[in-house]
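No hydrogens, no waters, no symmetry mates; every other heavy atom, side chains included, goes into these values.
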Amino acid sequence: MMIKVSYLIPAIILLFLQSPVFAQDVNVKKAFQQAATQSRLMLQEIKKSADASKPEQVSPRTLDHGALKLVASRDWTSGFFPGVLWYLDEYYKTDQWRAEARAFTSFIEKEKDNATTHDMGFKVFCSVGNAFRLTGNVHDKAVIIAAAKTLATRFNPKTGVILSWDHSRDKWVNPVIIDNMMNLELLFEATKLTGDSAFHKIAVSHANTTMKNHFREDFSSYHVVEYDPETGKVIKKTTHQGYRNSSAWARGQAWALYGYTLCYRYTKNPAYLKQAENIARFIFAHPNMPKDLVPYWDFDAPQIPNEPRDASAAAVMASGLYELSRYSKNSNNYYQKANQILKSLSTAFAAPIGTAKGFILLHSTGSKPSNSEVDVPLSYADYYYLEALLRYKNYKK
Ligand code: GLY
């Protein structure tokens, strides 16, 4: 039977319009307009709440009972607002955003010498790392290398991992948290910048050891694994921010997904790609994942669906998925999932213009077990949301 071409063309157009990719198109321009307007408000709010007696408080972290909470550069979240400003600079390419980004980044630089924490990547790479990527400034390069050297001092060859926390030694013995996967990007980059393979080797050791010890059979991740610093043996697997030791804390799963994807970027080791794919399968096949793909704060939280969401976990997942979709055979599936997340965040989770003291997204959860930062804006949700939007935009290109 002959099908007339005149019937075929509208049929193809109709099919295309109904395809999930088209249906989940994300309005990047509108999302960035909201982010820029909110960030201008944030800059005003920071000026208003600056306290002359606490000059060390430099970056917005969250709202505490409606009040803007600023933190010092040593706080693990200090690099995210400078990073938001760099992403606005990347999108708009105006001197104004660049000047603000540079000013807020300069407050964080001194963290390059702070060896008391593993959060170096979050602090320095999200701020100075983006500055270097966008400007090529040699001073930024030196800061990145110095920060990687400092982070490397926390690596223990006996455990094969980078120590996460120094605090609460009465509670934790040599703890490593899944979040620490995010700091590996700084180390991989430092090897690229210096040619010194020592940083790369530490990152690979950390990723391999974490792959062995942090994951359950279903590829969900524990939050905290404690090691004997002398023998390297695992002592305990627990949680700090999750519902219980055996549960799947949502942001932890997001850090793991993003972390193994970035490890694949730098190594092309298929084991890391497989790991990221397995983590993605756990996350998106989970019966407690809501239809809008913005997870509850823990996949095993007892009162689901009456539990707070975590938009920050969703933003990290979306950004990680766009990268994973570039490497995986399952590309279209990851791409569509990321689009769905961005659609949800940009419509139902975006702060109405002029509210939330200038944060971009609402409804994140920092630590539910300590009743801290529950259902609030968080600077890292904003950071990974803008990163995901840019990845979506560049992917389309
Ligand atoms: N890295 C700390 C957190 O995800 O809350």
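Applying the ring pair (Phe, Tyr, Trp, His ring centres under 6.0 Å) criterion to Tyr222, with sequence neighbours excluded, gives no partner residue. Partners of Arg98 under the salt bridge (charged side-chain N to carboxylate O under 4.0 Å, His left out) rule, at least two apart in sequence or in another chain, are Asp89. Every residue was checked against the ring pair (Phe, Tyr, Trp, His ring centres under 6.0 Å) condition with Phe155, not counting sequence neighbours, and none meets it. Among residues two or more places apart in sequence or in another chain, the side-chain hydrogen bond (donor to acceptor under 3.5 Å, both in side chains) test is passed with Asp64 by none. For Phe359, the ring pair (Phe, Tyr, Trp, His ring centres under 6.0 Å) criterion is met by no residue, not counting sequence neighbours. With sequence neighbours excluded, the residues forming a salt bridge (charged side-chain N to carboxylate O under 4.0 Å, His left out) with Asp292 are Arg309, listed by chain and number. Under the salt bridge (charged side-chain N to carboxylate O under 4.0 Å, His left out) criterion, Glu277 pairs with Lys274, not counting sequence neighbours.
By the 4.5 Å heavy-atom criterion applied to side chains, Ile108 and Phe80 are not counted as neighbours. For the pair Leu43 and Phe104, the minimum side-chain heavy-atom distance is below 4.5 Å. Using a 4.5 Å heavy-atom cutoff, the side chains of Lys149 and Thr153 are not in contact. Between Leu187 and Leu151 the shortest side-chain heavy-atom distance falls below 4.5 Å. Between Ser39 and Trp97 there is a side-chain heavy-atom pair separated by less than 4.5 Å. Inter-residue side-chain proximity for Lys368 and Asp298 is flagged as unmet; no heavy-atom pair is nearer than 4.5 Å. Within the 4.5 Å cutoff, the side chain of Thr150 has no heavy atoms near those of the Asn114 side chain. In this structure, the side chains of His206 and His118 stay at 4.5 Å or more apart for every pair of heavy atoms.
Between Trp172 and His240, the ring-plane angle classifies as perpendicular under the 30° and 60° cut-offs. Ring pair Trp249/His223 is tilted by interplanar angle, where 30° to 60° counts as tilted. Ring pair Tyr335/Tyr322 is perpendicular by interplanar angle, where above 60° counts as perpendicular and below 30° as parallel. Using bins of under 30°, 30° to 60° and over 60° for the plane-to-plane angle, the ring pair His363/Phe349 lands in the perpendicular bin. Note: Trp255 and Phe122 have tilted aromatic rings, judged against thresholds of 30 and 60 degrees for the angle between ring planes.
Judged purely by distance below 3.5 Å, without hydrogens or angles, the side chains of Glu387 and Ser319 pair a donor atom with an acceptor atom. Under 3.5 Å, the side chains of Asn330 and Ser328 contain no donor-acceptor pair of N or O atoms. With hydrogens and angles left out, the side-chain atoms of Asn180 and Ser164 include a donor and acceptor closer than 3.5 Å. There is no side-chain donor-acceptor pair under 3.5 Å between Glu323 and Tyr258. Checking His286 against Gln253 by side-chain atom types alone, no donor-acceptor pair falls below 3.5 Å. Between the side chains of Lys337 and Asn333, a donor-acceptor pair is found at a separation under 3.5 Å.
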Could you pull out all donor-acceptor pairs under 3.5 Å where a side-chain atom in residues 124-132 meets a protein atom, sequence neighbours excluded?
from, atom 1, to, atom 2, distance (Å)
Ser127, OG, Lys123, O, 2.6
Ser127, OG, Val124, O, 3.3
Asn130, OD1, Arg133, NE, 3.2
Asn130, OD1, Arg133, NH2, 2.9
Asn130, ND2, Cys126, O, 2.9
Asn130, ND2, Tyr383, OH, 2.9

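Its side chain within the 4.5 Å cluster rule, Ile235 clusters with Val173 among the Ile, Leu, Val, Met, Phe, Trp and Tyr residues. In the hydrophobic clustering, where aliphatic and aromatic side chains (Ile, Leu, Val, Met, Phe, Trp, Tyr) are joined below 4.5 Å either directly or transitively, Trp86 groups with Leu134. In this structure, Ile304 belongs to a hydrophobic cluster whose other members, linked by side-chain heavy atoms under 4.5 Å apart, are Tyr296.
For Lys268, the NZ atom counts as densely surrounded, since its 6.0 Å shell holds more than 12 non-hydrogen atoms of other residues, nucleotides or ligands. A 6.0 Å sphere centred on CG of Asp51 holds more than 12 heavy atoms belonging to other residues, nucleotides or ligands. The environment of Lys237 atom NZ is dense: over 12 non-hydrogen atoms of other residues, nucleotides or ligands sit within 6.0 angstrom.
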Do Asn156 and Leu163 pass the side-chain contact (heavy atoms from CB on, under 4.5 Å) test, and can you show the C-alpha distance, the side-chain angles, and the key distance before you say yes or no? CA-CA 7 Å; Asn156 176 353; Leu163 175 64; over 6 Å; no
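A distance-only check finds no donor-acceptor pair linking the side chain of Asn278 to the backbone of Phe219 [under 3.5 Å]. Formation of a donor-acceptor pair under 3.5 Å by the Thr62 side chain with backbone atoms of Pro377 is found in this model.
Within the structure, the salt bridge (charged side-chain N to carboxylate O under 4.0 Å, His left out) test picks out the following pairs touching residues 241-261 (sequence neighbours left out): Arg251-Asp310.
Taking the charged nitrogens against the carboxylate oxygens, Asp95 and Arg102 have no contact shorter than 4.0 Å, which rules out a salt bridge. Using a 4.0 Å cut-off between a side-chain N of Lys or Arg and a carboxylate O of Asp or Glu, Asp113 and Lys110 do not qualify as a salt bridge.
Residue Tyr272 is tested with Asn208, Thr261, Leu262 for a side-chain contact (heavy atoms from CB on, under 4.5 Å); the sole match is Asn208.
Separation of the Phe215 and Tyr260 ring centroids falls under the 6.0 Å cut-off. Taking the centre of each ring, Tyr395 and Tyr392 stay at or above the 6.0 Å mark.
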